[in-house]
Amino acid sequence: MLRRMQLFRIALLLLSVALLAAAPPALARGTIQKVEIKGLDKDDEADIIENIEVSLSLYDVIGKVQGESRLEYLLSQAESQTRKALEPFGFYNPKITVDSPRTGDNVNVVINVDKGEQIRVRLEELAITGPAVRDRYLQEDLQAFQPKRGEPFDSVNYEASKVKITRRLAERGYFDADFTQRKVEITRAENAADVFLTWDSGRRYNMGPITFDQDYFRPGLFEPLVYWEEGSYWHEGKLDRLRESLTKLDYFSVIDIQPHPEQANDHGDVPVDVKLTRAKRTIYTAGLSYGSESGAGVRGGVERRYVNRRGHKLNTQLDYAQKRKSFITSYRVPGFRWLDGWYTYALSAYDEQTDYIDLRNFKLIASRSGEINEHWTAIVSINGLRERWRYSSGNQFTDAVYQYSTLVYPQLTADYVAVDDESFPRRGFSGNATMRGGVEGAGSDTSFIQADATLRWYIPIGESDRLILRGQAGSTWTNDLVSMPPSLRYFAGGDRSIRGYAYREVGPRTPAPDRFALGAKNLVVGSAEYEHYFGGGPWGGAVFVDTGSAFDNTIDLHTGVGFGVRWKSPVGPVRIDIAHGLNNPDSQFQLYLNIGADL
């Protein structure tokens, strides 16, 4: 009997093992082939979908064979991970189902998302205590805090607003500022969020002494760039402006500005150390050039970033082409008591030998430049010009007589820039204006006054497009236009003028058959251009219309239309334009290439 019982138990055990071996596992080994998120709009809710994709562990194992326990774990986590990914956007009560249909060992995961109702801000307590309670800018930031009561709670906007105020406190010298209350209470059952945020600003510190740490330039050279008074209220923008000024000097490869609030004195003055590392002293440049008017050529230059301990600069450039040659050398002396200013002494020589003109001039310039305020810069100069020229007759210069002009004249140039982004402006204005004049007998062969101005208006359209309106006008008042050299006359046509026409094509011309440009007393040009950027990316297109004329007495408007390609390259905007003039239907199309912002 006992033996029979033992045999029965052994048979039962063997049967159990066999049954377990034959049974399929709860979740077999498999490979996730695809993860699909349904229930969300791919266009309007792309940010939410992206956050879910980043949060899901499933995406890390697509195409990789997983064991049964690992696969089961990943699928079990998908629902909670999706739920967490929705919370930053204010969706705390979603309905989420995860389906994982199998075809053999392949698994396709489908996550169905019903976001549910977005929670809203029910209560909002925001405050800054301490001296900053009287700071207008911080109070404006509090008023602009997002989200507001009654609005959907979006943690992205919430964090951005919180960081903005925290940074503003530091920028304005409240270095001891800290949170006294910081929490968000979510009531899921009521779809409500209660926001409690309070900062204690602490004292506001002041601008302390500035120490320049460098090993070459004479002491005191850079002190005039510190335009604020020691003991004035702290503002980070003052140091940013100092950094900009030091960068423009082009003396240094590294500019390290470090404030030390921990070393502030009893009055709250914060010392600042400015560590400067010199850049390479001499720069050599060389290259090839080609222009449809100038022909092939070579270019070269030598720049001494700093000649001596006083920060003087020397720059020499030569452009030697087949039909045009230019040489300019300039010596610059710091004039920093007028912020970012320079005294400049320059000599230039220019020679042009084209089919229609034989021109040569020499020019001496002495100028003083500087910044008037954050928008205006100005250059005041005295100029001495000697120019010789003659126009061709039937492509021949043999019978043409040289004309000469000597002019000594003062000149004032002012530049204005007030845009949102100087590398790629979408909103604002920029422009420049120039006035010059000479008196016969006071170094000049004739009396004259000349004034011209250019204005650009940038208008944003949508998220990334822009409309650019440009206007230019100039006029010369003189009784002896013949004595005005070509370099001081107005020409129209070509890029940055009237596209669709060749360089200097529009305006008074020599008699037939050559009809070369003579230059004019007056200039009027207008332009409208619309740029569209595809998907808000770096590539775009443009359409434009330009019109204007260079004229002596009667205006003769010429209009050109065209289109172009735009690219926001790492070195600045690149513009390629094709345009055609409407006044002569048989005229050739013109091609233009430009690199850099046009301010």
Side-chain angles (χ1 to χ4, degrees), residues 37 39-41 43-56 77-97 111-205 233-236 261 463:
I37 300 171
L40 299 175
D41 189 285
D43 294 326
D44 296 337
E45 297 171 314
D47 292 341
I48 299 178
I49 294 174
E50 181 181 359
N51 201 47
I52 293 174
E53 291 173 344
V54 171
S55 302
L56 285 172
Q77 291 296 304
E79 190 272 342
S80 61
Q81 290 173 349
T82 303
R83 184 179 299 276
K84 285 291 185 183
L86 289 168
E87 289 181 358
F89 301 92
F91 298 100
Y92 281 78
N93 293 303
K95 295 179 180 178
I96 302 168
T97 59
I111 300 176
N112 299 285
V113 178
D114 179 357
K115 304 189 308 295
E117 184 180 348
Q118 192 173 20
I119 66 170
R120 295 181 176 273
V121 178
R122 178 176 59 186
L123 178 64
E124 187 180 61
E125 291 185 4
L126 302 173
I128 297 177
T129 61
V133 74
R134 296 182 296 273
D135 192 307
R136 176 169 62 91
Y137 297 99
L138 283 161
Q139 294 304 315
E140 288 175 356
D141 288 341
L142 279 178
Q143 293 296 321
F145 194 94
Q146 295 288 336
K148 297 183 180 299
R149 183 178 300 180
E151 295 180 347
F153 179 79
D154 184 333
S155 64
V156 176
N157 290 334
Y158 166 79
E159 290 294 336
S161 295
K162 185 174 68 175
V163 168
K164 181 179 180 180
I165 292 177
T166 301
R167 287 179 177 173
R168 180 86 75 177
L169 284 162
E171 289 171 1
R172 297 185 64 77
Y174 300 97
F175 295 118
D176 298 332
D178 200 358
F179 291 100
T180 55
Q181 185 176 220
R182 178 178 51 180
K183 64 179 179 179
V184 177
E185 295 180 351
I186 304 295
T187 306
R188 296 176 184 268
E190 301 178 14
N191 280 316
D194 299 328
V195 178
F196 303 93
L197 270 179
T198 306
W199 290 264
D200 179 22
S201 70
R203 70 183 298 182
R204 185 176 187 183
Y205 289 81
Y233 277 133
W234 180 275
H235 195 292
E236 195 73 28
E463 293 296 324

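On a predicted model such as this, the values are computed, not experimentally measured, just so you know.
With a 4.5 Å cut-off on side-chain heavy atoms, I128 and S201 count as touching. The closest side-chain heavy-atom distance from F91 to I48 is below 4.5 Å. Considering only heavy atoms from C-beta on, V121 stays 4.5 Å or farther from K148 through its side chain. Taking 4.5 Å as the limit, every side-chain heavy atom of I165 sits out of range of all side-chain heavy atoms of L126. A 4.5 Å side-chain heavy-atom check between I111 and L56 finds at least one atom pair inside the cut-off.
Considering every non-hydrogen atom in both D154 and F89, the closest pair reads OD1-CA, 4.3 Å. Between R188 and N93, the closest heavy-atom pair is O-ND2, 2.9 Å. Residues F175 and A170 share a closest heavy-atom pair of CE2-O, 3.7 Å. Contact record, A193 with I186: CB-CD1, 3.7 Å, taken as the closest heavy-atom pair. Of all the heavy atoms in R182 and K162, the pair that sits closest is CD-NZ, 4.0 Å.
Not a single donor-acceptor pair under 3.5 Å links the side chain of R83 to the backbone N or O of I96. Within the 3.5 Å criterion, the main-chain N or O of Q146 finds a donor-acceptor partner in the side chain of S161. Checked by atom type and distance alone, the side chain of R203 never pairs as donor or acceptor with a backbone atom of P131 at under 3.5 Å.
Taking NE2 from H235 and CZ from R204, the interatomic distance works out to 7.0 Å, rounded to the nearest 0.5 Å. Here CG of L86 is found 8.0 Å from CG of N51. Values are rounded to the nearest 0.5 Å. To the nearest 0.5 angstrom, I37 atom CD1 is 6.5 Å from T82 atom OG1.
Two rings, from Y174 and W199, have their centers 6.0 Å or more apart.
Relative ring orientation between F145 and Y158 is described as perpendicular, the plane-to-plane angle rising above 60° on a 0-90° scale split at 30° and 60°.
Each salt bridge (charged side-chain N to carboxylate O under 4.0 Å, His left out) pair with one or both residues in residues 116-128, not counting sequence neighbours, appears once here: R122-E190, R122-D194.
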Run the side-chain contact (heavy atoms from CB on, under 4.5 Å) test on L197 and Q181 for me, step by step, so that the C-alpha distance in whole Å, both residues' side-chain angles and the decisive distance to 0.1 Å come before the verdict. CA-CA 5 Å; L197 270 179; Q181 185 176 220; over 6 Å; no
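Not counting sequence neighbours, D178 has no partner by the side chain to side chain donor-acceptor pair (under 3.5 Å) test.
Other residues, nucleotides and ligands place no more than 12 heavy atoms under 6.0 Å from the OH atom of Y233. E79 CD: more than 12 foreign heavy atoms inside a 6.0 Å radius.
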Show me the donor-acceptor pairs, under 3.5 Å and distance only, between side chains in residues 137-144 and residues at least two apart or in other chains.
unit_1, atom_1, unit_2, atom_2, d
Q139, NE2, A132, O, 3.4
Q139, NE2, V133, O, 3.4
E140, OE2, R136, NH1, 3.3
D141, OD1, R168, NH2, 3.2
D141, OD2, R168, NE, 2.7
D141, OD2, R168, NH2, 3.4

